[in-house]
Amino acid sequence: DCGSTLVVRAIYLVCHHLILSWRTDVNVSLAGLELLAGLARLHTPHQDWLECKRAVKWLCDYIVYQCSRPPQAHSKDLHSTIVAAFHTCSVWLMSQPSLLQDHECLATLLEVIELGISGAKSQSKGGVILKHEKQLKPASLRVRDAAEALLSCVLSQVGRFPVSCGAELVSSQLDETTLLQHCNTWQGDEHVSRDTATKHFRYYVSQNSILLALLEQPLGNNQEPQPSVTAILRGPFGRSVWSMQLRHLPRHRSASTHHTSNPGRPLPVTDVALNSHTTPRPAPRYFPDSVDRIPLCKADKSIPSLDSVIHSTEKSSAEHEKLLQILDHQLAFEEQLVAKASAACEGRDDGEGECVAPPVCQEFQTARLLLTHLGLLSVESLQCKGEGSIPELVALDSSTAEFVKDLDFLDATNNRSVDTVHLFYVAQGHTQPHQILENTVSNSSVSSHFMELIGGLGWPVNVASHTGWTGRTRHLQQHYTSQQVGLKCDGGGEYSGASQVVYWCDASTEVAFLVPTQHHHAAPAAAPTHPVSHNTALHSGGGGLVLEGDNASTGGDSVNTAGAADGADTDATSSFSSHTSQASQVSSGRRFGRQSSAVVGYDHKVMVVWLENYADYRAFPTGSLLSECVTGLESPGWRERDPVSVSIIFIHPLESGLFRVKLHASANKLSIAGPLVEGQVVSRRVLGALVRQTALNMARRRRLDCDSYQPPHVRRKLRIQDMVQKYRYDMTEPEFYSHLFTSPLC
């Protein structure tokens with residue numbers, strides 16, 4: 001009857017029904033997978049490791065069954081359940097890293113990942129399918145992307161997250177500027193521009209998905225004079241930095257010396273023999289003398305002479321002349337050595353010919369050595385496999401200013417999905433937008449339970465020093481900060497995003513919780529394009545949200561949720577949306593084949609509304625508050641769509657100390673997510689965690705419902721491919737090899 005037993009029974013029950021009866025119902029399947037993900041995050045004191053292994057095995061069986069269904073059964077909903085199952089597997093692995101220590105569990109996971117990426121397993125009942133014989137036919141691009149994300153989680157995140165620097169970091173923060181400042185050979189100013197730093201690096205792209213930046217200078221903290229190379233790897237799943245040294249011995253044996261100092265050599269004997277004249281010996285022959293007396297036959301003349309081959313074409317004659325010049329140069333050099341040796345034997349050597357050790361080499365092409373050790377410099381790696389294909393290794397031209405801008409834009413692209421949740425406090429009778437925003441200015445206007453809810457959603461971070469997602473793009477963040485100078489709030493408004501936000505993250509998701517206040521707005525002032533009365537109310541009908549204005553009672557037309565939008569808000573978005581739209585058009589003809597928009601998932605808004613009076617949810621001005629929910633990632637014209645995708649979690653405190661929950665979501669079948677459900681009553685202890693998880697699941701459901709949504713690692717991969725198309729060096733194999741021996745500063 002303990003809690004751990006209840007968790008085990010719940011896991012067994014959900015997995016059992018997923019396999020048997022829920023697999024054809026998309027909503028029930030997604031709810032079950034969300035419940036399993038929530039149960040994975042519960043750390044019970046006596047958790048059975050075998051039950052965790054069994055849960056992962058059931059999830060893998062569920063994925064295999066869904067992928068093996070007949071072609072006519074494959075649909076967007078089916079693939080959504082597969083993508084959600086892959087995500088649930090990653091949650092279990094991150095919560096239980098010891099599962100990878102089990103060989104059976106690891107083999108099952110890798111087989112399912114292989115099935116998701118390629119569409120078939122290598123080991124089947126019919127035998128073993130070799131890699132070069134397998135055709136890549138995944139169930140869908142979304143399924144393949146989810147399988148790749150799980151593979152990255154297995155290889156680089158399980159057991160390593162969070163790192164010692166904090167949960168908000170999953171990539172290295174070192175870049176070209178920082179590394180160049182710490183080099184031993186850098187003698188410039190402390191401040192290095194990004195343009196100057198990139199000129200010292202060599203840039204290559206491997207497998208059309210990994211950008212390598214190689215620096216051939218030793219870092220300043222290097223205490224040994226070893227050939228060094230520093231590599232910045234930018235891939236679909238983030239950025240990492242490695243510093244490597246060329247060593248002939250392991251590091252633990254490098255301290256001991258195995259040679260003595262130069263003892264010198266004995267003096268040469270200069271005495272010349274009295275009788276040094278001897279009869280010269282004839283040159284040795286390789287065949288007996290009788291060979292010259294054997295007459296030639298026709299078979300001997302079937303092989304053409306060397307002269308006839310050399311002078312057959314002009315190209316061979318020119319090459320022969322070059323070879324003769326090289327031989328003449330070598331013969332002259334050898335004659336000089338013979339003359340010098342003869343002079344030494346006759347006693348005329350003045351000591352200049354003494355053999356000494358060569359000087360220690362100080363210059364190395366460490367980038368070339370590293371690429372060679374990685375197997376990337378073979379002739380096959382530099383050749384195109386087919387028409388229109390890209391070689392396995394290409395060099396990029398980093399001399400242009402546009403290259404630096406694209407590199408910065410790639411670094412600014414998140415490698416985790418990001419979400420923003422906005423919190424509003426509706427006091428008794430306050431249904432106007434300006435009243436709702438004013439409530440969070442002072443703590444006297446809000447309930448202490450509301451402040452406790454904010455603290456339970458995550459942890460506060462300083463926007464200026466935070467390296468993770470802050471709820472808005474840089475462009476909007478600067479605008480908000482400039483408006484908030486000198487203003488102080490203590491009723492939740494301090495987390496408006498101007499100076500602080502409430503932040504939470506895991507290995508795959510970042511979320512920022514913002515509390516908008518009256519003192520700043522989502523965009524610069526502009527005339528509204530579609531003015532709407534502040535009395536716009538919220539009603540539920542048909543399972544969706546219906547926004548009606550003051551003219552609803554007179555039979556007028558219903559008002560769009562974008563009505564309160566300012567025209568300038570669309571222009572205030574960052575370069576993310578505009579660049580992504582261009583990248584989507586450029587990449588639409590590639591093998592990814594997606595006529596997609598990477599920002600579709602960011603048009604969905606999630607709100608958490610605290611109600612002092614439960615009946616006020618009917619008059620909540622959703623459309624008027626959309627201007628406070630701009631993050632900078634929205635697609636152009638997102639508020640002109642009808643209807644705007646909005647999910648709202650209403651919370652009402654009861655006199656018993658519990659909290660009543662009411663959910664509203666957009667009119668689509670994947671909108672309502674758990675673990676909170678309509679009419680549920682929860683306690684203070686779990687309110688923050690349940691609200692956070694429900695908001696994340698709502699945002700994730702919206703991304704699942706959009707089959708054109710691109711995960712973060714796909715967007716990063718497409719941007720690397722765009723850089724290859726723009727900055728690739730068009731070189732032959734000999735030119736590429738010659739390029740390796742030139743300095744990047746040339």
Side-chain angles (χ1 to χ4, degrees), residues 83 87 90-91 145-146 149 152-153 157 161-162 166-171 173 236-239 408-423 457-461 463 466-477 480 495-497 500-516 522 572-580 583 596-608 629-635 638 645-647 673 692-706 709-719:
V83 172
H87 172 74
S90 65
V91 174
D145 297 339
S152 174
C153 177
Q157 293 182 346
F161 182 86
E168 62 271 14
L169 292 178
V170 292
S171 297
Q173 297 300 300
F237 295 96
R239 179 178 63 188
D408 291 337
F409 193 74
L410 175 62
D411 291 337
T413 304
N414 297 84
N415 54 352
R416 291 182 287 185
S417 59
V418 294
D419 297 304
T420 304
V421 180
H422 295 84
L423 286 81
L457 295 174
W459 57 91
V461 296
V463 172
H466 184 55
T467 57
W469 174 243
T470 60
R472 302 183 183 95
T473 56
R474 295 180 182 176
H475 175 81
L476 288 185
Q477 193 60 55
Y480 278 94
Y495 303 115
S496 61
Q500 285 184 314
V501 297
V502 177
Y503 177 81
W504 185 90
C505 69
D506 59 9
S508 60
T509 305
E510 293 181 277
V511 58
F513 296 91
L514 303 181
V515 185
T573 57
S574 68
S575 61
F576 183 95
S577 56
S578 60
H579 182 92
T580 305
S596 60
S597 175
V599 296
V600 172
Y602 298 112
D603 295 343
H604 175 251
K605 301 301 175 184
V606 180
M607 300 180 182
V608 177
C629 301
V630 178
T631 62
L633 300 181
E634 297 85 359
S635 58
W638 66 278
S645 178
V646 180
S647 298
R692 178 184 65 241
Q693 195 59 42
T694 303
L696 288 174
N697 290 337
M698 285 179 171
R700 190 173 292 114
R701 286 281 190 101
R702 175 57 182 167
R703 291 192 288 267
L704 287 176
D705 191 47
C706 181
Y709 169 76
Q710 294 176 350
H713 69 276
V714 175
R715 295 200 301 271
R716 290 181 59 89
K717 187 175 183 179
L718 289 177
R719 280 165 187 163

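Only this structure's heavy atoms are used, side chains among them; waters, hydrogens and symmetry mates stay out.
- Inter-residue side-chain proximity for L423 and V502 is flagged as unmet; no heavy-atom pair is nearer than 4.5 Å.
- Listed for the R416 side chain is a donor-acceptor partner under 3.5 Å among the backbone atoms of D506.
- In this structure, S90 contributes its side chain and H87 its backbone to a donor-acceptor pair below 3.5 Å.
- Considering only residues two or more places apart in sequence or on other chains, W469 meets the side-chain hydrogen bond (donor to acceptor under 3.5 Å, both in side chains) condition with T420.
- Of all non-hydrogen atoms in E168 and T467, the two that sit nearest each other are CG-OG1, 3.5 Å.
- Looking at R716, its side chain never comes within 3.5 Å of a backbone N or O of N414 through a donor-acceptor pair.
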**Asked** Step by step, would you call T631 with K605 a side-chain contact (heavy atoms from CB on, under 4.5 Å)?
**Response** CA-CA 10 Å; T631 62; K605 301 301 175 184; 4.0 Å; yes
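- Under the ring pair (Phe, Tyr, Trp, His ring centres under 6.0 Å) criterion, F237 pairs with H713, sequence neighbours left out.
- Here the closest heavy-atom approach between residue F161 and residue C505 is recorded as CZ-SG, 4.5 Å.
- Scored by the side-chain hydrogen bond (donor to acceptor under 3.5 Å, both in side chains) test, S508 finds no partners at all (sequence neighbours excluded).
- Listed by chain and residue number, D419, V421, W504, F513, L696 satisfy the side chain to side chain contact (heavy atoms under 4.5 Å, CB included) test with V511 (two or more places apart in sequence, or in another chain).
- Remark: R692 pairs with no residue by the salt bridge (Lys or Arg N to Asp or Glu O under 4.0 Å) rule, at least two apart or across chains.
- A512 approaches T470 most closely through the heavy-atom pair CB-C, 3.8 Å.
- The side chain to side chain contact (heavy atoms under 4.5 Å, CB included) test applied to T694 returns I649, P675, L676, M698, not counting sequence neighbours.
- The salt bridge (Lys or Arg N to Asp or Glu O under 4.0 Å) test applied to D408 returns R194, not counting sequence neighbours.
- When R701, R703, R702 are each tested for a salt bridge (charged side-chain N to carboxylate O under 4.0 Å, His left out) with D705, only one passes: R702.
- Atoms CG and CZ, on N415 and R715 in that order, are 10.0 Å from each other to the nearest 0.5 Å.
- Y495 meets the side-chain hydrogen bond (donor to acceptor under 3.5 Å, both in side chains) test with no other residue; sequence neighbours excluded.
- In terms of heavy-atom proximity, H604 sits nearest to S647 at NE2-OG, 2.7 Å.
- The minimum heavy-atom distance linking C629 with E634 is given by the pair O-OE2, 3.6 Å.
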